[in-house]
Asker: 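If you scroll down you'll find the structure; I have some questions about it.
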Amino acid sequence: MNTCKQAPGAFIPVIDRNRCEGKGPCIGVCPYQVFEMFTLPPEARATLSLKGKIKGFVHRWQQANVVLAERCMACGLCVSACPEQAITLARS
């Protein structure tokens with residue numbers, strides 16, 4: 001059964017870089033392959049809070065990344081799966 005509530009691209013996932021610990025459940029749960037794991041680049045690390053920098057360092061700067069936002073159908077599975085509550089859906 002399709003639980004998605006929106007047309008593709010009406011909403012996009014937004015990742016809070018200060019919260020994401022790169023555990024990756026969002027990647028496995030997304031039926032549209034919107035996410036991938038990546039290494040947060042140094043220029044993005046500089047904008048993190050102290051807590052975000054510590055978390056990033058501990059987790060080797062691995063975080064989820066939105067690569068195909070236009071496929072998102074706002075099912076919310078990624079939001080529910082994220083243990084850090086680092087993902088929200090925003091109207092595009």
Side-chain angles (χ1 to χ4, degrees):
M1 183 167 110
N2 186 350
T3 60
C4 301
K5 300 175 181 17
Q6 300 293 325
F11 283 81
I12 59 168
V14 177
I15 299 173
D16 182 338
R17 296 284 168 219
N18 286 301
R19 289 180 170 249
C20 183
E21 294 181 0
K23 293 177 180 168
C26 55
I27 295 168
V29 75
C30 179
Y32 304 103
Q33 294 81 41
V34 170
F35 303 94
E36 72 178 10
M37 194 63 62
F38 86 132
T39 302
L40 192 65
E43 59 274 11
R45 297 174 196 175
T47 65
L48 296 176
S49 67
L50 177 60
K51 185 176 179 180
K53 289 176 182 176
I54 292 168
K55 283 177 134 183
F57 179 78
V58 168
H59 295 283
R60 298 184 174 154
W61 303 107
Q62 293 299 294
Q63 292 195 348
N65 193 35
V66 178
V67 291
L68 295 170
E70 68 277 5
R71 289 188 181 182
C72 179
M73 293 182 65
C75 64
L77 293 173
C78 59
V79 175
S80 298
C82 182
E84 292 86 30
Q85 298 177 341
I87 303 172
T88 56
L89 294 176
R91 192 169 290 280
S92 61

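These figures come from a predicted structure and were not determined experimentally.
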Asker: V34 and C72: which non-hydrogen atoms are nearest, and at how many Å?
Answerer: CG2-N, 3.8 Å
Asker: Would you please name every residue forming a side chain to side chain contact (heavy atoms under 4.5 Å, CB included) with I27, sequence neighbours left out?
Answerer: F35, M37
Asker: Might you point out which heavy atoms bring C82 and P25 nearest each other, and give the distance in Å?
Answerer: CA-CG, 4.5 Å
Asker: Verify, without hydrogens or angle tests, whether S80 (side chain) and L77 (backbone) share a donor-acceptor contact under 3.5 angstrom.
Answerer: no
Asker: Quick one: CZ on R91 to CD1 on I12, what's the gap to the nearest 0.5 Å?
Answerer: 11.5 Å
Asker: Which heavy atom of V29 sits nearest a heavy atom of A81, and at what distance?
Answerer: CG1-CB, 3.7 Å
Asker: Show every salt bridge (charged side-chain N to carboxylate O under 4.0 Å, His left out) that has at least one partner inside residues 61-85, sequence neighbours left out.
Answerer: K23-E84
Asker: Considering residues, nucleotides and ligands other than Q85, do more than 12 of their heavy atoms fall under 6.0 Å from its CD?
Answerer: no
Asker: Return the minimal non-hydrogen interatomic distance between A86 and C20, and the atom names on each side.
Answerer: CB-N, 3.7 Å
Asker: Check for me, please, whether V67 and L89 land in the same ILVMFWY cluster - side-chain distances under 4.5 Å, paths through other members count.
Answerer: no
Asker: Would you say L48 ends up clustered with F57 if hydrophobic residues are merged whenever their side chains have heavy atoms under 4.5 Å apart, either directly or through other cluster members?
Answerer: yes
Asker: Quick one: does any side-chain atom of S92 pair with a main-chain N or O of A10 as donor and acceptor, under 3.5 Å?
Answerer: yes
Asker: With heavy-atom distances below 4.5 Å as the criterion, would you say the side chains of V79 and T88 are in contact?
Answerer: no
Asker: Compare every heavy atom of I87 with every heavy atom of I15, then report the nearest pair and how far apart it is.
Answerer: CG1-CG1, 4.3 Å
Asker: Measure the shortest side-chain to side-chain distance between Q63 and D16 over non-hydrogen atoms and say whether it is less than 4.5 angstrom.
Answerer: no
Asker: Less than 4.5 Å apart, any side-chain heavy atom of K51 and any of S49?
Answerer: yes
Asker: Let me confirm one number: the CD1-CG distance from I54 to N18, rounded to the nearest 0.5 Å.
Answerer: 11.0 Å
Asker: Which atoms form the tightest heavy-atom contact between R19 and K55, and what is the distance?
Answerer: O-NZ, 3.4 Å
